[in-house]
Amino acid sequence: MVNTLSHPSNKTLVAVQWRKWLAIAICTAVALAGVCSTASAQGSPPEMLRARYAALSGKLESNQFHRPLYLESEETPDSLRGDIYATVNYPFATVDTALNNPKHWCDVLILHLNIKYCKPDADTAAPTILVNLGKKSQQALPDTYEVAFKYRAEASASDYFAVALSAAKGPLNTSDYRIHLEAVAVDPTHTFLHLNYSYTYGLAGKLAMKAYLATIGNDKVGFTRRNGADGKSDYVDGVRGVVERNTMRYYLAIDSYLSAVNAPPSAQFEQRIQSWFDATERYARQLHELDRGAYVDMKRAEYRRQNTVQ
């Protein structure tokens with residue numbers, strides 16, 4: 001009998017196959033723990049997002065938010081990042097039509113407290129969304145700060161899309177603003193979303209943030225719990241709390257926008273602002289800033305201005 005394994009080429013083939021099998025076995029074992037770097041390197045974005053959905057299934061079912069939502073954040077010496085993963089009760093086609101379009105994003109963004117004005121430009125080849133940032137109260141446009149977000153459709157398929165809004169510069173020496181949203185169908189009536197919000201900041205931004213946190217923002221917290229110096233569990237605060245609150249506000253704006261897509265056009269905006277306020281009040285410890293009347297009056301005025309001022 002001929003020993004086929006003794007041939008050099010066959011030995012090489014067996015070694016290659018063995019390495020492949022070993023890699024698959026290792027990757028499978030690690031994936032069962034929730035992470036697989038090989039998959040993240042080789043999988044497509046829809047596959048990776050579905051894998052994230054599967055890995056977070058337990059946290060989506062039971063959490064402090066009482067809704068299928070998971071939030072995480074990161075603070076570095078010069079940047080902040082917040083991520084929200086959530087399942088929404090809308091078919092993928094509904095979410096795709098609503099959010100995979102630059103013309104709709106101003107109706108999403110204007111719901112946020114600090115967005116005073118928003119207008120997409122007319123360039124369909126390279127869309128830009130002009131956003132004015134300001135205080136949590138009514139302001140004249142000259143007193144606000146304009147940020148130009150470049151809109152980019154990164155992917156669009158029958159069951160997955162990804163869009164990004166990015167701005168090179170922001171107020172107070174902040175930069176590299178990024179709002180990134182991707183969505184994947186998980187079943188005929190549900191869609192899984194991933195929202196990323198991040199930016200970097202320089203010395204002026206650090207000083208402004210320090211002043212804010214030392215005064216009106218000194219009692220503000222985020223959503224992530226951690227153990228303090230006294231051993232007691234409490235919410236994160238400081239700049240990490242800031243990015244968690246804003247990431248949540250943007251997510252709730254997306255969810256509130258979706259909640260009104262089937263309402264009569266004349267009733268959609270009113271339904272969105274009421275929905276956004278109700279949603280934020282569920283997390284009043286973190287998000288309460290104004291009473292309903294003040295928020296609603298402010299947003300009605302800003303929406304009128306958004307649709308009349310050029």
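As a basis for the values below, the full set of heavy atoms in this structure was taken, side chains included, without hydrogen atoms, waters or symmetry mates.
C106 SG to L130 CG: the interatomic distance, rounded to the nearest 0.5 Å, is 8.0 Å. Remark: Q286 CD to Y235 OH distance equals 5.5 Å, nearest 0.5 Å. The line from OH of Y145 to CD of Q139 is 14.5 Å long, rounded to the nearest 0.5 Å. For the atom pair CD (E281) and CG (L290), the distance works out to 9.5 Å, reported to the nearest 0.5 Å. In this structure, OG1 in T128 is found 11.5 Å from CZ in F149, a value given to the nearest 0.5 Å. Atom OG1 in T76 sits 12.0 Å away from atom CZ in R240 (nearest 0.5 Å).
The backbone N or O of V221 lies less than 3.5 Å from no partner atom in the side chain of R285, so there is not a single donor-acceptor pair. Without hydrogens or angle criteria, Q306 side chain to C118 main chain gives a donor-acceptor distance under 3.5 Å. Formation of a donor-acceptor pair under 3.5 Å by the T308 side chain with backbone atoms of R304 is found in this model. Proximity of a side-chain donor or acceptor of N114 to a complementary backbone N or O of G134 within less than 3.5 Å is detected. Side-chain atoms of E182 do not come within 3.5 Å of backbone N or O of H194 as any donor-acceptor pair. A donor-acceptor pair is defined here as one N or O able to donate and one able to accept, closer than 3.5 Å; no such pair exists between the side chain of K116 and the backbone of E302. Within the 3.5 Å criterion, the main-chain N or O of V88 finds no donor-acceptor partner in the side chain of T191. At least one donor-acceptor pair closer than 3.5 Å links the side chain of T174 to the backbone N or O of P171. In this structure, N63 contributes its side chain and H66 its backbone to a donor-acceptor pair below 3.5 Å. Side chain of Y283 to backbone of F65: a donor-acceptor contact under 3.5 angstrom is found.
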Walk me through whether D278 and R292 qualify under side-chain contact (heavy atoms from CB on, under 4.5 Å). CA-CA 9 Å; D278 288 341; R292 183 186 297 273; 2.4 Å; yes

Could you go through Y70 and R52, starting from their C-alpha distance and side-chain angles, then the distance that decides it, and tell me whether this counts as side-chain contact (heavy atoms from CB on, under 4.5 Å)? CA-CA 11 Å; Y70 174 74; R52 188 68 164 142; 3.9 Å; yes

T224 vs E72, side-chain contact (heavy atoms from CB on, under 4.5 Å): CA-CA, chis, key distance, verdict: CA-CA 7 Å; T224 299; E72 60 188 17; over 6 Å; no

Please walk me through it: do W276 and Y295 pass ring pair (Phe, Tyr, Trp, His ring centres under 6.0 Å)? CA-CA 10 Å; W276 190 91; Y295 170 77; 4.9 Å; yes

side-chain contact (heavy atoms from CB on, under 4.5 Å) for L181 and W105? Distances and angles first, verdict last. CA-CA 11 Å; L181 178 72; W105 271 87; 3.9 Å; yes

Can you list the steps and then say if E244 with R226 is a salt bridge (Lys or Arg N to Asp or Glu O under 4.0 Å)? CA-CA 14 Å; E244 288 194 355; R226 66 180 178 187; over 6 Å; no

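Here the closest heavy-atom approach between residue A183 and residue L193 is recorded as CB-CD2, 3.4 Å. In terms of heavy-atom proximity, D159 sits nearest to F92 at C-CZ, 3.4 Å. Between Q138 and A301, the closest heavy-atom pair is OE1-CB, 3.8 Å. Across every non-hydrogen atom of K299 and I115, the tightest pair is NZ-O, 2.8 Å. Residues A153 and N100 come closest through the heavy atom pair CB-OD1, 4.4 Å. Heavy-atom minimum distance, A164 versus R178: CB-NH1, 3.7 Å.
When each of E270, Q271, R272 is tested with Q274 by the rule side-chain hydrogen bond (donor to acceptor under 3.5 Å, both in side chains), just one qualifies, namely E270. Screening L80, T247, V239, V243 for a side-chain contact (heavy atoms from CB on, under 4.5 Å) involving S73 leaves a single residue, V243.
Looking at heavy atoms from C-beta onward, P68 lies out of side-chain contact with Y85 at the 4.5 angstrom threshold. The shortest side-chain heavy-atom distance between V184 and Y53 does not fall under the 4.5 Å cut-off. When side chains are defined from C-beta on, R305 counts as touching L141, because their heavy atoms get closer than 4.5 Å. Counting heavy atoms from C-beta on, the side chains of D107 and Y303 come closer than 4.5 Å. Side-chain atoms of Y117 and T144, non-hydrogen and from C-beta on, never get closer than 4.5 Å to each other. Between E289 and T280 there is no side-chain heavy-atom pair separated by less than 4.5 Å. Taking the side chain as every heavy atom from C-beta outward, S275 and S259 approach each other to under 4.5 Å. Side-chain contact between R67 and D255 is present, with at least one heavy-atom pair separated by less than 4.5 Å.
Residues L287 and F277 fall within the same hydrophobic cluster, defined by Ile, Leu, Val, Met, Phe, Trp and Tyr side chains chained together at heavy-atom separations under 4.5 Å. Follow the hydrophobic side-chain contacts under 4.5 Å out from L109 and you reach M298 in the same cluster. In terms of hydrophobic clustering, with Ile, Leu, Val, Met, Phe, Trp and Tyr side chains grouped at heavy-atom distances under 4.5 Å, I179 and L133 are assigned to a common cluster. Linking ILVMFWY residues whenever their side-chain heavy atoms come closer than 4.5 Å, directly or via other members, leaves F192 and L69 in distinct clusters. Cluster membership check: Y90 does not share its hydrophobic cluster with L60, using side-chain heavy-atom separations under 4.5 Å among Ile, Leu, Val, Met, Phe, Trp and Tyr.
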